[in-house]
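First the structure, in the form of structure tokens, and then the observations on it.
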Amino acid sequence: MVDLTTRLGAMTLKNPIMPASGTFSEDLAGVIDFNTLGAHVTKTITYEKRGGNPTPRVCEVRGSMLNSIGIPSKGIDHFIQHVIPYYRQYDVPLVVSISAHNADDFARICQAISVPGVDAIEVNISCPNIEDDGKAFAMRPSTTQQVMTRLRGASDLPLWAKLSPNTGETIEVALAAQEAGADALVVSNTLLSMAIDIQSRKPKLGNLMGGLSGPSLKPIALRMAYQCSKAVDIPVIGCGGISTVEDVVEYLIAGASAVQIGTATFINPTAMPNIISGLEDYMIRHGIADLTELIGSVRDDDAADSVVFMETAP
Amino acid sequence: MVDLTTRLGAMTLKNPIMPASGTFSEDLAGVIDFNTLGAHVTKTITYEKRGGNPTPRVCEVRGSMLNSIGIPSKGIDHFIQHVIPYYRQYDVPLVVSISAHNADDFARICQAISVPGVDAIEVNISCPNIEDDGKAFAMRPSTTQQVMTRLRGASDLPLWAKLSPNTGETIEVALAAQEAGADALVVSNTLLSMAIDIQSRKPKLGNLMGGLSGPSLKPIALRMAYQCSKAVDIPVIGCGGISTVEDVVEYLIAGASAVQIGTATFINPTAMPNIISGLEDYMIRHGIADLTELIGSVRDDDAADSVVFMETAP
Amino acid sequence: MANSDTYAGVSSPANGKVFEVETRVKSNTEVNGEYRLLILDAPQRVLDCQPGQFFHLLCPSTLENAPYLRRPMSIYGYYPEKGELHFLYKVTGEGTRALAELLPGDALNVLGPLGKGFSIAKDWRHLLLVARGVGLATLAPLAQEARRRGRKLTAICSARSPEVLMSVDLFRGMGAEVITVTDAEGSSGMENIEAIIQGRIDVGEVDALYTCGSNRMLRLLQKIGAEHGIPGEIALEQQMACGLGMCQCCVRSFRRNDQIVHERVCREGPVFDMQEAMAW
Amino acid sequence: MANSDTYAGVSSPANGKVFEVETRVKSNTEVNGEYRLLILDAPQRVLDCQPGQFFHLLCPSTLENAPYLRRPMSIYGYYPEKGELHFLYKVTGEGTRALAELLPGDALNVLGPLGKGFSIAKDWRHLLLVARGVGLATLAPLAQEARRRGRKLTAICSARSPEVLMSVDLFRGMGAEVITVTDAEGSSGMENIEAIIQGRIDVGEVDALYTCGSNRMLRLLQKIGAEHGIPGEIALEQQMACGLGMCQCCVRSFRRNDQIVHERVCREGPVFDMQEAMAW
Ligand SMILES: Cc1cc2nc3c(=O)[nH]c(=O)nc-3n(C[C@H](O)[C@H](O)[C@H](O)COP(=O)(O)OP(=O)(O)OC[C@H]3O[C@@H](n4cnc5c(N)ncnc54)[C@H](O)[C@@H]3O)c2cc1C
Ligand SMILES: Cc1cc2nc3c(=O)[nH]c(=O)nc-3n(C[C@H](O)[C@H](O)[C@H](O)COP(=O)(O)OP(=O)(O)OC[C@H]3O[C@@H](n4cnc5c(N)ncnc54)[C@H](O)[C@@H]3O)c2cc1C
Ligand SMILES: Cc1cc2nc3c(=O)[nH]c(=O)nc-3n(C[C@H](O)[C@H](O)[C@H](O)COP(=O)(O)O)c2cc1C
Ligand SMILES: Cc1cc2nc3c(=O)[nH]c(=O)nc-3n(C[C@H](O)[C@H](O)[C@H](O)COP(=O)(O)O)c2cc1C
Ligand code: FES
Ligand code: FES
């Protein structure tokens with residue numbers, strides 16, 4: 001028997017597979033057994049009720065997709081009354097993703113959501129910070145540090161900072177999040193992209209632009225996961241373009257302690273449980289007893305620091 | 001008959017199709033007729049002779065590729081003596097791509113390369129600036145402005161600034177380049193990425209990481225081309241993931257005045273001439289008399305500025 | 001990839017359970033120039049459907065077409081006795097082009113049945129539906145169900161020219177009365193359709209209205225329904241990623257209690273109350 | 001996509017012109033458990049090849065395999081009289097798996113002939129080659145050419161076990177003398193191969209050495225060549241993107257005039273001077 005458990009700071013997950021925020025909900029419970037998952041991660045919520053972006057909210061690009069769902073949210077009261085209790089039936093840690101457009105609101109929801117039944121808080125700092133010319137918090141180390149420091153003061157739960165690929169300062173941002181007390185990094189969110197329908201000449205998304213997810217994102221997010229795991233001491237959770245067991249193994253080797261699966265679930269709703277059993281098979285086949293043999297085992301010994309931490313294609 | 005010519009500032013190209021730097025050389029002259037192209041763009045050169053990166057220098061990711069060729073260069077003397085004279089046999093503008101690791105060296109090569117036979121200089125500012133903690137010039141508006149100002153002083157030839165997707169400040173960088181006197185923007189270079197061979201656990205590239213090019217890059221580079229063409233008044237040349245006539249049309253609609261084709265030529269060496277004739281057919285079929293009917297014709301009238309200029313996935 | 005066919009504990013609002021299953025193509029034939037009929041050999045457990053529900057199809061990748069997301073398709077027919085699932089589709093883009101290349105014996109992964117179908121209240125004796133184009137696919141099973149429940153159904157089938165009135169036989173075969181209106185004969189205008197429906201209402205033969213698709217038809221039926229207090233339902237379309245209710249990409253706006261609410265077409269729909277639906 | 005077959009004005013350094021052409025598969029059969037032989041129906045203009053040259057194949061996309069870049073393959077045989085182009089390949093990854101799925105009649109886009117092939121100097125009467133594994137594919141046409149030019153050729157074929165010595169017949173058929181050494185029989189060690197070659201040299205029967213592939217063989221032949229002043233050539237491999245010389249990804253290091261130089265395997269190679277080549 002192989003050991004699939006993984007440690008994320010003080011938490012231990014029964015396996016490293018969990019959904020990515022926004023690609024998972026109670027609706028999936030009929031198709032797969034929620035008890036098989038390493039963790040449950042909910043769609044980002046905001047304190048207040050809000051609508052999302054105009055439709056169409058998704059479109060397809062070659063072998064991947066764009067989305068501009070935005071963060072439609074029923075608000076925190078609804079979430080505490082209906083969603084948290086729902087997940088208590090499962091013996092799986094519940095991770096709640098939160099967001100806000102300024103540090104005060106962020107701290108407010110962070111505190112309010114620190115209730116029994118919630119095991120960790122994922123902080124979606126990829127959304128625009130309206131106090132900083134609309135750039136996302138996660139695009140700059142300074143804003144990352146500010147908001148994470150506020151959040152650290154607002155909750156005793158583990159805080160996972162979810163980074164954005166829309167930056168040239170991945171490593172600085174990762175270090176800032178760690179500095180401010182983040183317990184783990186989720187790497188990463190979607191990459192700002194666009195597609196135009198050449199017949200109608202209209203953008204394919206109602207919101208003009210949206211985030212790229214799926215296989216096209218993988219080499220980018222994998223690079224970020226690798227860089228972050230080299231730079232920080234807290235665990236890194238890989239996310240971006242994972243759809244096979246081999247993708248998971250690649251992220252683990254790069255340094256991720258766990259992974260999130262997003263778009264692949266839209267293509268195959270049973271992707272997560274299939275990958276969990278596939279990972280077990282893979283480890284048996286390759287004589288790998290537990291995940292620590294994989295995590296961070298990339299053979300990069302010769303590489304100079306300047307190469308590991310470069311932030312532009314050479 | 002349709003009119004395929006396009007204006008790039010003072011230059012007029014017979015059609016909007018040209019190769020991307022580093023994916024084209026004299027070696028292709030046997031397979032296609034160089035006179036059909038809108039312009040010739042050479043591989044980036046440096047002033048001094050240099051080697052490139054360790055091998056393997058390319059690898060494949062799902063439906064796209066990574067490269068870490070680096071900039072092996074035979075130096076400027078070889079280039080002036082052998083390469084420029086070669087291209088004089090064609091009635092096509094020659095665009096020379098240059099790079100350097102600091103502003104002084106950049107200015108030196110810019111001046112030295114401003115010789116008869118060269119019609120424009122493409123400035124590859126996506127390479128690390130060793131005076132600025134290794135970040136590429138094109139990752140920050142300040143360094144972009146500094147280096148472009150120096151280059152503007154060093155040559156009277158049209159200067160095309162080639163931007164990098166490895167930044168969260170696309171629009172600021174574009175504006176800085178324009179401000180400093182760039183005549184056009186090339187959008188964009190490759191995106192820093194990584195792939196690991198899970199059998200050997202070694203990075204698939206000798207240099208650990210490399211740049212993503214090909215279809216996966218398209219939605220990202222298209223978004224940048226759109227944003228830049230909204231932000232600046234100088235022409236934008238689209239580049240990234242183009243392999244079909246439809247891709248070209250999409251970039252033109254997004255606001256590009258011309259496009260560069262890179263990786264597609266590796267898959268089909270005849271891609272460029274095929275796309276040129278395909279574009280002509282497309283225009284005939286759709287009753288489009290000239291390219292100005294396409295360029296920038298995206299129907300985004302309802303979109304707020306805050307949406308056009310956002311830099312993070314919502 | 002995945003072809004397990006897990007039991008869906010959380011059921012779709014309307015009735016059944018959701019499964020991801022591998023089916024086999026029995027046939028895939030052109031119905032006329034524009035439409036194709038796909039008949040799948042499907043396991044019993046996905047054939048407990050309701051009219052108006054849909055499946056989410058994992059269209060195959062071919063040399064020319066590589067659709068990434070699944071494609072939603074209304075159930076055109078479900079026949080547990082024959083083990084068959086039918087789809088009627090129009091070839092419009094990459095996904096449906098890939099579907100059109102399927103040959104008998106090929107595998108096709110489908111997810112469903114999904115969504116909430118049409119309802120037929122106990123006291124609705126006379127049902128009237130207006131269908132055009134591929135909307136026929138969505139409404140056809142309603143006729144079947146109406147017959148099963150012994151209701152009378154009138155189908156107004158609209159099309160460009162008489163030749164493309166492909167489902168007339170199907171509706172007739174299910175005992176429905178069929179009225180055809182076509183662009184070619186100039187009979188498909190909204191005024192004429194309104195007059196036809198008005199005629200039915202005058203003789204007391206319309207207890208409920210059903211349609212899907214177009215904005216103009218929605219507005220017409222909303223008006224008629226409101227004037228005469230006749231209830232109605234409409235099946236709506238929207239881009240879909242997950243098809244299960246997770247991603248929230250498929251929302252549409254509805255008017256309810258003087259408020260505008262957003263509902264997911266894949267989960268709260270695709271069938272909605274006609275008066276609540278909003279033209280787009 | 002593109003299937004024009006443009007004339008290549010700038011020729012490959014060695015001899016001919018380069019074309020991108022659409023070919024048809026004549027057959028694609030297993031040679032033994034590991035290797036497959038692909039025979040293409042190819043136009044005359046790409047059949048003016050030199051031993052050691054290669055083609056760059058656009059492997060098809062299938063449901064399971066979607067290779068993106070082209071794949072380089074040595075020419076295993078070229079037969080202008082039959083209009084045939086042969087490749088011998090080992091199924092190792094996505095691209096070759098996709099190749100293995102090709103059926104007779106299928107189209108395959110190939111680019112070539114590419115690169116610089118083996119040379120046979122006027123005064124080289126006795127040629128000796130050492131081949132192992134898929135290296136046989138690269139060296140086979142050399143035997144054919146040797147016969148055409150009336151040279152004597154000795155082929156040392158190394159393999160895991162006698163069963164996999166697939167090209168023995170081919171080399172024999174071309175009048176070569178064949179010596180087999182196998183791991184199973186314990187005869188494939190470097191010492192034994194060295195002894196065999198030494199024996200030939202002793203009787204004055206080695207004017208040139210040829211090989212491809214392994215580091216150990218390269219070192220051995222470099223040593224023998226240097227000791228006896230026998231020239232030699234080696235065919236090298238490297239990852240390739242363009243295959244034409246444009247991208248500079250396929251460089252290897254060579255020792256020349258006491259300097260280390262980089263050359264492109266696709267353009268200056270794949271055949272290089274044995275003494276200049278560097279083990280890797
Ligand atoms: C609940 C529902 C039931 C449907 N039933 C049928 C049916 O029975 N027969 C039929 O022919 N068509 C039906 N459609 C429409 C069908 O889903 C689209 O025609 C199909 O997705 C087009 O895919 P494509 O790749 O061929 O076209 P493309 O235009 O290339 O598709 C691009 C993207 O847009 C989406 N898209 C395009 N058109 C539509 C649309 N009308 N609705 C939703 N998404 C769309 C596709 O799913 C895909 O993601 C239905 C749609 C919905 C939502
Ligand atoms: C000049 C030349 C001639 C060759 N001749 C033959 C031949 O006659 N028969 C034969 O079986 N093989 C030959 N090879 C090796 C052949 O190109 C690879 O086996 C093949 O590319 C593997 O592709 P894949 O997708 O199946 O494997 P993967 O391992 O999945 O390939 C991944 C990537 O690595 C590249 N790659 C993998 N192995 C090699 C290699 N050895 N050399 C260069 N690139 C590689 C592939 O092209 C691809 O881009 C030759 C290589 C070169 C350079
Ligand atoms: C439809 C959709 C909605 C998403 N919503 C959120 C969200 O609310 N919060 C968040 O942090 N990430 C969100 N994401 C990003 C995913 O969590 C994930 O980071 C991204 O999709 C990359 O992973 P993937 O390639 O496996 O999908 C969303 C992604 C998609 C496709
Ligand atoms: C092998 C390779 C080498 C490249 N070399 C250079 C270079 O020297 N200078 C440069 O500005 N861009 C270089 N690029 C980037 C391309 O010019 C282009 O910006 C990028 O590949 C995106 O376009 P594509 O998707 O059409 O390939 C290179 C790209 C590749 C694939
Ligand atoms: S398609 Fe995902 S919620 Fe409806
Ligand atoms: S493969 Fe491009 S230069 Fe050799």
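The chains referred to below are lettered A, B, ... by the order of the sequence lines, with proteins before strands, and numbering in each begins at 1. Since we're looking at a predicted model, the values are computed, not measured.
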Around atom [atom1] of [X], are there more than 12 heavy atoms of other residues, nucleotides or ligands at under 6.0 Å?
{"X": "C:K26", "atom1": "NZ", "result": "yes"}
{"X": "C:Q259", "atom1": "CD", "result": "no"}
{"X": "A:R50", "atom1": "CZ", "result": "yes"}
{"X": "A:K14", "atom1": "NZ", "result": "yes"}

Just give me the residue among C:G245, C:S253, C:C250 that pairs up with chain A most often, heavy atom to heavy atom, under 4.5 Å.
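Highest number of heavy-atom pairs under 4.5 Å: C:G245.
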With a 4.5 angstrom heavy-atom cut-off, could you sort out which part of C:A66 is near chain A: side chain, backbone, both or neither?
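The backbone, not the side chain.
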C:L111, part contacting chain A, at a heavy-atom distance under 4.5 Å
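For C:L111, the side chain is the part near chain A, not the backbone.
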Is any NZ, NE, NH1 or NH2 atom of the basic residue among A:E60 and C:R71 found under 4.0 Å from an Asp or Glu carboxylate oxygen of the other?
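Yes, charged N to carboxylate O under 4.0 Å.
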Between [options], which residue shows the highest count of heavy-atom pairs closer than 4.5 Å to chain C?
{"options": "A:P269, A:G214, A:P273", "value": "A:P269"}
{"options": "A:V61, A:V58, A:T263", "value": "A:V58"}
{"options": "A:S64, A:G206, A:P215, A:P72", "value": "A:S64"}

Once you round to the nearest 0.5 Å, how far does [atom1] of [X] lie from [atom2] of [Y]?
{"X": "A:N67", "Y": "C:Q239", "atom1": "CG", "atom2": "CD", "value": "12.5 Å"}
{"X": "A:T265", "Y": "C:M246", "atom1": "OG1", "atom2": "CE", "value": "6.0 Å"}
{"X": "C:M240", "Y": "A:F266", "atom1": "CE", "atom2": "CZ", "value": "13.0 Å"}
{"X": "C:L244", "Y": "A:S25", "atom1": "CG", "atom2": "OG", "value": "8.0 Å"}
{"X": "C:C242", "Y": "A:L28", "atom1": "SG", "atom2": "CG", "value": "9.0 Å"}
{"X": "A:C59", "Y": "C:Y68", "atom1": "SG", "atom2": "OH", "value": "12.5 Å"}

Tell me, with the steps shown, if C:E20 and A:I32 meet side chain to side chain contact (heavy atoms under 4.5 Å, CB included).
CA-CA 10 Å; C:E20 184 191 337; A:I32 67 166; over 6 Å; no
Heavy atoms, side chains only, cut-off 4.5 Å: are A:T55 and C:R252 in contact?
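Counting from C-beta outward, A:T55 and C:R252 never come under 4.5 Å.
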Side-chain contact, heavy-atom cut-off 4.5 Å: C:R264 with A:D27?
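C:R264 vs A:D27: side chains touch.
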Hey, does the side chain of A:R57 reach the backbone of C:Q248 with a donor-acceptor pair shorter than 3.5 angstrom?
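A pair under 3.5 Å: yes.
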